[in-house]
Participant: 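One structure is given below, represented as structure tokens, and several questions about it will come after.
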Amino acid sequence: MNFLDFARICEQLEGKSGRLEMIGIISRVLPDLADDELPVFVRFVMGRIFPDWSPEKLGIGPSLLYEGVAYVAGKRKDDVVSVVNRTGDVGKAVEELLAAKEQTSFFSEELNLLDVWRELSAIAGTSGNKSQKEKLRIVRKLFSNARPLEGRYLARIMLEDLRIGVGEGNVREAVARAFSVDSRLVEHAFQALNDLGQVALLAKAGEQHLRDVNIQLFHPVRMMLAQQGTIEGAIADNGAVAAEFKYDGSRFQFHRKGKVFRLYSRKLEDITEALPDITELLINATDHDLIIDGEAVAMKDGRPMPFQSVLRRFRRKYGIDTLREEIRMVPNVFDLLYLDGETLIDRSLSDRRAKLEEVMKDRVAPQVVSDDPSVINRMYQDALLAGHEGIMLKVPGSHYTPGVRGKNWIKVKPEVDTLDLAVIGADWGEGKRAHLFGSFLLACQDNEGLVPLSKVATGFSDEQLQEIYALQKDKVISQEGKEVRFEPGMVFEVGYSEIQVSPNYESGFALRFPRFIRIRDDKSVDEIETLDGIRDRYTRQSK
């Protein structure tokens, strides 16, 4: 497939608002793609380059992209930034600049879908002292061969923000329709492989190939998620529930085969080198080949330390031995996904728990199973007294569903209303904070995209604002006056007093008295609150 054909498909999708129309367009394209093109197309149309589990990262920020486009368009970098600020869209800005470029000795090569993927893979594999120079060379090469429409979507793919409204749900249904397979099998295979590109290839080969999918060691899957609820409600809905401590730490997934082991974060990043104390404790706790799900907690004098202490360990790349003495990390294991060659996610929680207790000598989190609210309440009070956030309530007969937030896992904690939201923009501060971002625009998920919900300007210390500035300054996509827009990636946890109906934000809602709580480095944008969840909270609040 020529990249121009891909760009035309994206343009067609960008003009559609109906989900069924989008699914129809994609499903008609997939059967005609070659086997090597199919996974690339599937990832690209979702604005991704590599599978979610892959450690490969493009490593291109807006600044380098603007520099590459400026060279090709015969402009200054500042001119590129001005066009981006005027259009509010990097893709359309690049399209406009390529359409009017002064240099004419381009289009020397026809861009091919696979060639674009290979060049982006080469960028991701570039490291060392000259890496930025080499990345810039490849960026220039790609844009020099790109027609204006190709430039629109090439730029967006490089920033992994395609902005055409196509997400995992649409693509899963399109794959099922394109190859006449059961969508439930597509969903199950995706949960195990965490790569819709690979799942599309299996679907093309037939349903049996989807049925044969198993979780793979050192190929991390998304972690199962919980929603808020109450002890009484969970017992009323399910009868007996399994209660476990809800730790104020950070999730991990541990893979082991023989003497080889890796540790992955909630965002599926390899954190093995950052947490040698965790891996040592887990290695000593079992001699089986397995994949386990747990939470790492920072401990001092028998009490959990604040969440920010956990993040210091997860972020650290150097001086780990020194910090290890200062912040002691302890693993708490509560689920088993794979054991000695067998995938367990389709087994009940009760079965998985029994096997977990068999194969782990220690480090298994405590659990109480009961249909008596007083028994579960006692566990809840024990958790709070021990310094933990609250408890998790899990349905004993439920399967492990990677990446799914449902009623099978319920989190119960003291009544403090908080939301995890994506940071998509900011305003520059004033006075002594004039060189920092002072307030931030937050968004929730809706229909495979992000919609603004609120701004937050309180709760930040000077040190936190400096930290956020350092993390976000290279993520600025555009600027107009005091307002900047970011490449989405950072997640804030914010508190609020209530949710209000508001015409000021695209979501139709706003937060009253929003207050910054903390950065959620352990969460990706895919895990933030949905607009449906906001509506549900508003309804419950109104009652």
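Position 1 is the first residue of the sequence, and the numbers go up from there. Model, not experiment: these values are computed from the prediction. Computed from heavy atoms alone, side chains included, the values below leave out hydrogens, waters and symmetry copies.
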Participant: Under a 3.5 Å distance rule, please check whether Asn85 uses its side chain to pair with a backbone N or O of Val81 as donor and acceptor.
Facilitator: yes
Participant: For the residue pair Asp270 / Thr272, report whether a side-chain donor-acceptor contact shorter than 3.5 Å exists.
Facilitator: yes
Participant: Could you walk me through whether Arg48 and Glu168 pass the salt bridge (Lys or Arg N to Asp or Glu O under 4.0 Å) check?
Facilitator: CA-CA 11 Å; Arg48 296 173 187 171; Glu168 292 170 357; 2.9 Å; yes
Participant: When rounded to the nearest 0.5 angstrom, what is the spacing between CD1 in Ile292 and CG in Asp335?
Facilitator: 10.0 Å
Participant: Can you measure from CD1 (Ile519) to CZ (Phe492) and round to the nearest 0.5 angstrom?
Facilitator: 6.0 Å
Participant: Nearest 0.5 Å please: distance from the CG atom of Asp52 over to the CZ atom of Phe190.
Facilitator: 6.0 Å
Participant: Can you tell me how far CG of Leu20 sits from CD1 of Ile25, rounded to the nearest 0.5 angstrom?
Facilitator: 11.5 Å
Participant: Answer yes or no: does atom NZ of Lys411 have more than 12 heavy-atom neighbours from other residues, nucleotides or ligands under 6.0 Å?
Facilitator: yes
Participant: Only pairs at least two apart or in different chains count here, so list each ring-ring contact (aromatic ring centres under 6.0 Å, His included) that has a residue in residues 200-223.
Facilitator: Trp53-His219
Participant: Ring centroids only, cut at 6.0 angstrom: are Tyr538 and Phe509 within range, meaning strictly under it?
Facilitator: yes
Participant: Would you mind reporting whether Phe44 and Leu120 have side-chain heavy atoms less than 4.5 Å apart?
Facilitator: yes
Participant: What residues, two or more places apart in sequence or in another chain, satisfy side-chain hydrogen bond (donor to acceptor under 3.5 Å, both in side chains) together with Arg251?
Facilitator: Asp293
Participant: Just by distance, do the side chain of Asp420 and the backbone of Ile528 share a donor-acceptor pair under 3.5 Å?
Facilitator: no
Participant: Pick out which of Arg86, Arg152, Lys75 makes a salt bridge (charged side-chain N to carboxylate O under 4.0 Å, His left out) with Glu96.
Facilitator: Arg86
Participant: Mind checking whether Glu150 and Val116 have side chains closer than 4.5 Å, heavy atoms only?
Facilitator: no
Participant: Parallel, tilted or perpendicular, judged at 30° and 60°: which one describes the rings of Phe3 and Phe6?
Facilitator: tilted
Participant: Hey, could you give me the CZ/CD distance between Arg222 and Gln253, rounded to the nearest 0.5 Å?
Facilitator: 12.0 Å
Participant: Roughly how far apart are Glu295 CD and Glu389 CD, rounded to 0.5 Å?
Facilitator: 8.0 Å
